[in-house]
Structure formats: C-alpha cells, structure tokens
Amino acid sequence: QVQLMESGGGSVQAGGSLRLSCVGSKYPYSTMAWFRRQAPGREREGIAAIYTGGGATFYADSVKGRFSVSHDSASNTLFLQMNNLKRSDTAMYYCALEPFQGTHEGNRFLERTYSYWGRGTQVTVSS
C-alpha cells in the first residue's frame, strides 16, 4: 500500500523560506508533484512536479523562480524548497504520486492525474 507523508510546514513571515518533505514508496520512472489548497472548498492547485525517471522538473507560473522541487531516490523523499514566500502562498500543501507514469503539459497539474496523495501540511505566511 502506498503511503505519502508530508512534513515541514509551519508559520513564516513574508520573504522567508520553508522546505517541505514527502516520504513515500519507491516507484522509479514516476511523476511526483506538489499541490496546494488555499481555501476550504477550492480545488487543489498543482504547483511543482518532477519525473523521477530523469529528474525533469515543472512549475506553475505562480511559483516559478521561487520554489524548487527535487527528489532523493535513496530515501524516497520528495522535497519542495520554498523561497521568498508571499502571503498568497498560505495553503495546505499536498504531495501526490502517479507510479510508472510521465505527464504532459495537459495533465501534469490536474488532480485526477495522480492516484496517491498525502494528508497535507499547512503553510502560513504572515506579513
């Protein structure tokens, strides 16, 4: 059974940094991604993804240049380094996994692309 567990969330002032982690099962040649939900009832927004088979990374415009996604295959851990945080980055952050699949621009940041999800970690950015 696949289990994903996020950690690293917390409260930070605008301009600060946080690093999120997601420990999960080992699936090579898979896509892992970070999503966030900024308010209850809203859809999750895909913000960063990585193909573990080759390391290619992808970002939503909202975080490009500030966030960096990486994956350590030895520890089966997905990371999200978040720099220059803004109040608008306040959200519950989730990691997601689609085993043995790459993605394309049309589906990479869609919730339905991913079969497995963590429970989330809260990030709160204050001014």
Side-chain angles (χ1 to χ4, degrees):
Q1 183 177 359
V2 177
Q3 290 187 332
L4 303 176
M5 182 173 294
E6 304 92 341
S7 62
S11 297
V12 64
Q13 288 192 323
S17 299
L18 282 174
R19 189 190 198 201
L20 305 184
S21 301
C22 172
V23 179
S25 302
K26 183 175 184 179
Y27 283 96
Y29 308 107
S30 300
T31 300
M32 297 193 76
W34 288 98
F35 283 70
R36 65 186 182 186
R37 195 195 311 272
Q38 294 175 300
R42 291 183 62 175
E43 288 189 1
R44 285 184 281 207
E45 172 196 13
I47 58 171
I50 185 168
Y51 179 61
T52 63
T57 56
F58 310 91
Y59 299 94
D61 289 342
S62 58
V63 305
K64 197 173 293 183
R66 300 187 299 122
F67 290 11
S68 177
V69 61
S70 60
H71 179 259
D72 177 49
S73 59
S75 62
N76 304 322
T77 304
L78 178 72
F79 297 101
L80 184 68
Q81 178 66 45
M82 305 186 294
N83 298 327
N84 190 23
L85 283 160
K86 305 175 181 180
R87 289 189 63 187
S88 57
D89 294 318
T90 295
M92 183 71 79
Y93 284 72
Y94 301 87
C95 65
L97 165 69
E98 182 59 18
F100 305 116
Q101 291 290 334
T103 57
H104 55 78
E105 186 175 1
N107 69 357
R108 183 170 300 130
F109 291 138
L110 297 180
E111 287 188 72
R112 63 176 181 264
T113 297
Y114 298 88
S115 298
Y116 301 101
W117 293 83
R119 293 178 176 267
T121 186
Q122 178 68 36
V123 172
T124 302
V125 184
S126 59
S127 59

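Just the heavy atoms: all of them, side chains too, but no hydrogens, waters or symmetry mates, feed the values below.
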Colleague: Return the OG1 to CG distance between T31 and L97, rounded to the nearest 0.5 Å.
Modeller: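 It comes to 8.5 Å.
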
Colleague: With a 4.5 Å heavy-atom cut-off, do V123 and M82 have their side chains touching?
Modeller: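 V123 reaches M82 side chain to side chain.
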
Colleague: Side chains of S115 and E98: any donor to acceptor distance under 3.5 Å?
Modeller: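 Distance-only check passes for E98 and S115.
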
Colleague: Is the distance between the ring centroids of Y59 and F67 under 6.0 Å?
Modeller: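 For F67 and Y59, the ring centres are not under 6.0 Å apart.
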
Colleague: Could you tell me whether R44 sits above the aromatic face of W34, with NZ or CZ closer than 6.0 angstrom to the six-membered ring centre and within 45 degrees of the axis?
Modeller: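 No - R44 does not lie over the ring of W34 by the 6.0 Å and 45° rule.
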
Colleague: Please check if any side-chain donor atom of S17 sits under 3.5 Å from a side-chain acceptor atom of N83, or the reverse.
Modeller: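 Note: S17 and N83 side chains meet the donor-acceptor criterion.
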
Colleague: Give me the atom names and distance for the closest heavy-atom approach of C22 to L4.
Modeller: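 Minimum heavy-atom contact is SG-CB, 3.9 Å.
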
Colleague: Show the numbers, then the answer: is there a side-chain contact (heavy atoms from CB on, under 4.5 Å) between L85 and T90?
Modeller: CA-CA 9 Å; L85 283 160; T90 295; over 6 Å; no

Colleague: Taking the six-membered ring of Y94, is NZ or CZ of R36 closer than 6.0 Å to its centre and within 45° of its axis?
Modeller: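 Pair R36/Y94 does not count as cation-pi.
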
Colleague: Determine yes or no for a side-chain-to-main-chain donor-acceptor pair under 3.5 angstrom, with E6 supplying the side chain and G120 the backbone.
Modeller: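 Yes; judged by distance alone, with no hydrogens or angles, the pair exists.
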
Colleague: Within this structure, what is the OG-OH distance for the pair S73 and Y27, rounded to the nearest 0.5 Å?
Modeller: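 Reported to 0.5 Å precision, the distance equals 16.0 Å.
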
Colleague: Test of understanding: clusters of I, L, V, M, F, W, Y form through side-chain heavy atoms closer than 4.5 Å, transitively. Do F100 and L110 belong to the same one?
Modeller: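 Shared cluster, no.
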
Colleague: Kindly work out whether a path of hydrophobic side-chain contacts (I/L/V/M/F/W/Y, heavy atoms less than 4.5 Å apart) joins V2 to Y29.
Modeller: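 Unlinked, V2 and Y29 end up in two clusters.
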
Colleague: Tell me whether Y114 is reachable from Y116 by hopping between hydrophobic residues (I, L, V, M, F, W, Y) whose side-chain heavy atoms are closer than 4.5 Å.
Modeller: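 Shared cluster, no.
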
Colleague: Going from OG1 on T52 to CD on Q101, what distance comes out if it is rounded to the nearest 0.5 angstrom?
Modeller: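 Reported to 0.5 Å precision, the distance equals 11.5 Å.
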
Colleague: Hey, what do you get for CD (E111) to CZ (F35), rounding to the nearest 0.5 Å?
Modeller: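 These two atoms lie 6.5 Å from each other.
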
Colleague: With rounding to the nearest 0.5 Å, note down the distance linking CD in E43 to CZ in R37.
Modeller: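 So the CD of E43 and the CZ of R37 are separated by 9.0 Å.
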
Colleague: Are any of the side-chain heavy atoms of L20 and T121 separated by less than 4.5 Å?
Modeller: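 Touching, per the 4.5 Å side-chain cut-off.
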
Colleague: Starting from the C-alpha separation in whole Å, work towards a yes-or-no answer on side-chain contact (heavy atoms from CB on, under 4.5 Å) for M5 and R119.
Modeller: CA-CA 7 Å; M5 182 173 294; R119 293 178 176 267; over 6 Å; no

Colleague: I'd like to know if the side chain of S30 reaches the main chain of P28, judged simply by a donor and an acceptor atom lying under 3.5 Å from each other, with no hydrogens or angles considered.
Modeller: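 Between the backbone of P28 and the side chain of S30 there is a qualifying donor-acceptor contact (under 3.5 Å).
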
Colleague: For a 4.5 angstrom cut-off between non-hydrogen side-chain atoms, does L78 reach L80?
Modeller: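 With C-beta onward as the side chain, the pair stays apart.
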
Colleague: Looking at R108, is its backbone amide N or carbonyl O close enough to the side chain of T113 to form a donor-acceptor pair, meaning the two atoms are under 3.5 Å apart?
Modeller: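 No: the side chain of T113 does not pair with the backbone of R108.
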
Colleague: When clusters are formed by joining ILVMFWY residues with side-chain heavy atoms under 4.5 Å apart, either directly or through shared neighbours, do Y51 and M32 land in the same one?
Modeller: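 No, because Y51 and M32 fall into different hydrophobic clusters, even though each may have its own neighbours under 4.5 Å.
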
Colleague: Which heavy atom in A14 sits nearest to a heavy atom in S127, and how many Å separate them?
Modeller: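 Nearest pair, atom of A14 first, then S127: CB-CA, 4.4 Å.
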
Colleague: Using modelled atom types and a 3.5 Å cut-off, is there a donor and acceptor pairing between side-chain atoms of R19 and backbone atoms of F79?
Modeller: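 No, R19 side chain to F79 backbone: no donor-acceptor pair under 3.5 Å.
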
Colleague: Is the closest side-chain heavy-atom distance between E45 and S62 below 4.5 Å?
Modeller: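 They are in side-chain contact.
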
Colleague: Are any of the side-chain heavy atoms of T124 and V12 separated by less than 4.5 Å?
Modeller: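 With C-beta onward as the side chain, the pair stays apart.
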
Colleague: Give the intermediate values and the outcome of side-chain contact (heavy atoms from CB on, under 4.5 Å) for residues Y93 and I47.
Modeller: CA-CA 10 Å; Y93 284 72; I47 58 171; 3.6 Å; yes

Colleague: Should K86 and D89 count as an ion pair when the cut-off is N to O under 4.0 Å?
Modeller: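 Answer for the salt bridge query: no.
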
